[in-house]
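Here's the structure we're looking at; comments come further down.
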Amino acid sequence: MSTANQIRIGRSAPGRFPASWEVGGFFEATEISDQITVPWPAHNVFFALARHVVPGILRVIESTRRLWIPDYFCPDVSRHWSRLIRTITYRDDPSLPEPDWKSLQPDEHDLVIAVNYFGTRNREPWEHWRSLHRCILLEDHTHDPVSSWALTSNAEYVFSSLRKSIPVTDGAICWSPLGLPLPQPVSSCEADGIALKFTAMAEKADALSGKASPELKSRYRELYAEGDKRLEEGSEAPISDLALRFASPGIAIGWRLTRARNVRGLLDSIEEMNRVFEPLFRQWPTDAVPFAVVLVFSNRKDRDDCRSYLEANKVFCPIHWAVDAAESSAVDLSARILSIPADQRYDDDDIARIATILSRWKPGLQL
């Protein structure tokens, strides 16, 4: 553990539910305070985006022949990587404890992406498979960047996008548990779009604290989206200076404890509901922290209707992910899944309110 400058997350009036109350969406800008953190492994490198890690590794290990990607994965990132190297998808369903190993048959020169979905998987299945297969293994721990699995991995490389855990405009980290040469960004300049995203985060903070009109929301959402677009379309860049200042010490322990408590609290509330959905998971490994409460509906219509209902009640829920490969077995789950945010911005009162809102939804409910 270490102590360093970090960002303080929290509402100005927790539990009072002001008119500006909402859940989800990108992080707002917040103040800096000292927090005890879980530090990163020392041998690391930061990028602006996690998608930049694979191109960097391909430059470091020039003999890489193919890239194996799970079929349940962010389609936009998969497409980005497929422009650089031949990609093969293997079957991996987040509702199951491990991939379909028969569909994953790399050779020793192939790069394989392993994903710890929602931070809830056990490491043993991957470690057993790895003991029997030679390849270049790259583990994606975005949904829980400092789990014990991530920090004590024996893969060639580990990476995480940090914008899901830390309120920063940009940022991803990569390290090599085996001490291999680290990939490096192509550019030394700060990525385009950072200023737009920072402005959006600051304006969102003003709106949520009542310092600005709620009508500002459409503006800061547009700014953030344009900033993201520029960032994703730009060259491989290093993390911005401000984001590095926030991200380099590690992940605040208090944030992890809050997120774990929020997920458990919402799951316990869901257990009491007469519902048409089921949690994707109810348990997780020791020293792991789930990314969100993930619900699975019986069909796409119910999922979409519930999502619209929650949005109308200021609970904004992402879909991880909207898989669009027509031949992928992951498409069905992707059409029925929904993530309920439960991160460190929220307290027990917020979680109770989310549970109350969710309990009132029924299939066919008209908004």
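We're numbering straight along the sequence, starting at 1. Here the structure is a predicted model, which means the values were calculated and not measured.
- Put simply, the side chain of D144 does not reach to within 4.5 Å of the side chain of H141, judged on heavy atoms.
- With no hydrogens or angles considered, a side-chain donor-acceptor pair links S153 and E139 at under 3.5 Å.
- Taking the six-membered ring for Trp and the full ring otherwise, the centers of H109 and W68 sit at least 6.0 Å from each other.
- For the residue pair W21 / D350, a side-chain donor-acceptor distance below 3.5 Å is found, with atom types taken as modelled.
- Ring planes of F297 and W361: perpendicular class, angle over 60° (limits at 30 and 60°).
- Atom CZ of F198 has 12 or fewer neighbouring heavy atoms from other residues, nucleotides or ligands inside a 6.0 Å radius.
- A salt bridge links R79 with D324; the closest basic N to acidic carboxylate O contact falls under 4.0 Å.
- The two residues W255 and Q35 make their nearest non-hydrogen contact at NE1-NE2, 3.6 Å.
- In summary, the aromatic rings of F291 and W284 are positioned with their centroids too far apart to meet the 6.0 Å limit.
- Shown here is H128, whose NE2 atom has no more than 12 heavy atoms of other residues, nucleotides or ligands within 6.0 Å.
- In this structure, Y72 and W321 have tilted ring planes: the angle between them lies in the 30° to 60° band.
- The local environment of CZ in R66 is crowded, with over 12 non-hydrogen atoms from other residues, nucleotides or ligands closer than 6.0 Å.
- When R59, R51, H52, Q184 are each tested for a side chain to side chain donor-acceptor pair (under 3.5 Å) with E236, only one passes: R59.
- F159 is not listed as a side-chain neighbour of I173, based on a closest heavy-atom distance of 4.5 Å or more.
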Show your working on side chain to side chain contact (heavy atoms under 4.5 Å, CB included) between V54 and I113 and close with a plain yes or no. CA-CA 9 Å; V54 164; I113 306 292; 4.1 Å; yes

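- Rounded to the nearest 0.5 Å, atoms CD1 (I88) and CG (L104) are 9.5 Å apart.
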Verdict with supporting geometry, D140 and V158, side chain to side chain contact (heavy atoms under 4.5 Å, CB included): CA-CA 6 Å; D140 180 356; V158 169; over 6 Å; no

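- With 3.5 Å as the limit, one finds no donor-acceptor pair spanning the side chains of R163 and T169.
- Heavy-atom neighbours of D107 CG from other residues, nucleotides or ligands within 6.0 Å: above the threshold of 12.
- For CZ of R134, the number of neighbouring non-hydrogen atoms (other residues, nucleotides, ligands) closer than 6.0 Å is 12 at most.
- Inter-residue side-chain proximity for E127 and S131 is flagged as unmet; no heavy-atom pair is nearer than 4.5 Å.
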